[in-house]
Amino acid sequence: MENNENEEANNSMNQNFGLPAEIDQMKRLLERTAKKYRYNFRHPRVIEISQQLDKLIVNMMRRNR
């Protein structure tokens, strides 16, 4: 199951949806993954996706300066 999550995260980064759409997609992935791991926010997969989302948000903030 984690491979599907990895593919989904990678597809989010690689498709030309634009940064806001990538952020929305990553948020949904984070929500599903957190739920899957019973909202254990210390689970390595939840942390990994959260960090990826953080990077996208920082990129968006830099673009909007």
Side-chain angles (χ1 to χ4, degrees):
M1 189 69 152
E2 285 188 32
N3 285 340
N4 290 340
E5 291 169 357
N6 287 334
E7 288 176 23
E8 192 170 342
N10 289 336
N11 287 341
S12 172
M13 298 288 196
N14 294 330
Q15 293 176 356
N16 293 323
F17 290 122
L19 201 48
E22 287 183 44
I23 289 171
D24 288 340
Q25 189 173 4
M26 191 63 67
K27 283 180 184 178
R28 289 190 300 274
L29 177 60
L30 180 58
E31 289 172 14
R32 286 193 308 273
T33 305
K35 184 177 180 181
K36 175 182 175 180
Y37 294 108
R38 299 179 185 203
Y39 300 97
N40 175 5
F41 296 109
R42 292 183 179 186
H43 189 280
R45 185 65 183 134
V46 174
I47 292 170
E48 178 184 2
I49 294 170
S50 179
Q51 289 172 341
Q52 290 173 355
L53 177 57
D54 289 345
K55 288 178 185 177
L56 290 173
I57 292 169
V58 168
N59 286 340
M60 174 76 99
M61 292 173 68
R62 286 183 178 153
R63 283 187 182 182
N64 291 333
R65 280 187 188 180

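Rounded to the nearest 0.5 Å, atoms NE2 (His43) and NZ (Lys36) are 7.5 Å apart. A distance of 11.0 Å separates CG of Asp54 from CG of Asn59, quoted to the nearest 0.5 Å. Rounding to the nearest 0.5 Å gives a distance of 10.0 Å between CG of Leu56 and CD of Gln25. In this structure, Glu22 CD and Met60 CE are separated by 9.5 Å, a value rounded to the nearest 0.5 Å. Here Met26 contributes atom CE and Ser50 contributes atom OG; the two are 10.5 Å apart, rounded to the nearest 0.5 Å. We find the CD-CD distance between Gln52 and Glu48 to be 5.0 Å, quoted to the nearest 0.5 Å.
Listed by chain and residue number, Gln51 satisfy the side chain to side chain contact (heavy atoms under 4.5 Å, CB included) test with Ile47 (two or more places apart in sequence, or in another chain). Scanning for side chain to side chain contact (heavy atoms under 4.5 Å, CB included) contacts around Lys55 gives an empty result, with sequence neighbours left out.
Under the 3.5 Å distance criterion, the side-chain polar atoms of Thr33 are matched with a main-chain donor or acceptor of Leu29.
Cluster membership for Val58 and Leu53, using ILVMFWY side-chain heavy atoms within less than 4.5 angstrom, is not shared.
A salt bridge does not link Glu31 to Arg28: none of the charged side-chain nitrogens sits closer than 4.0 Å to a carboxylate oxygen.
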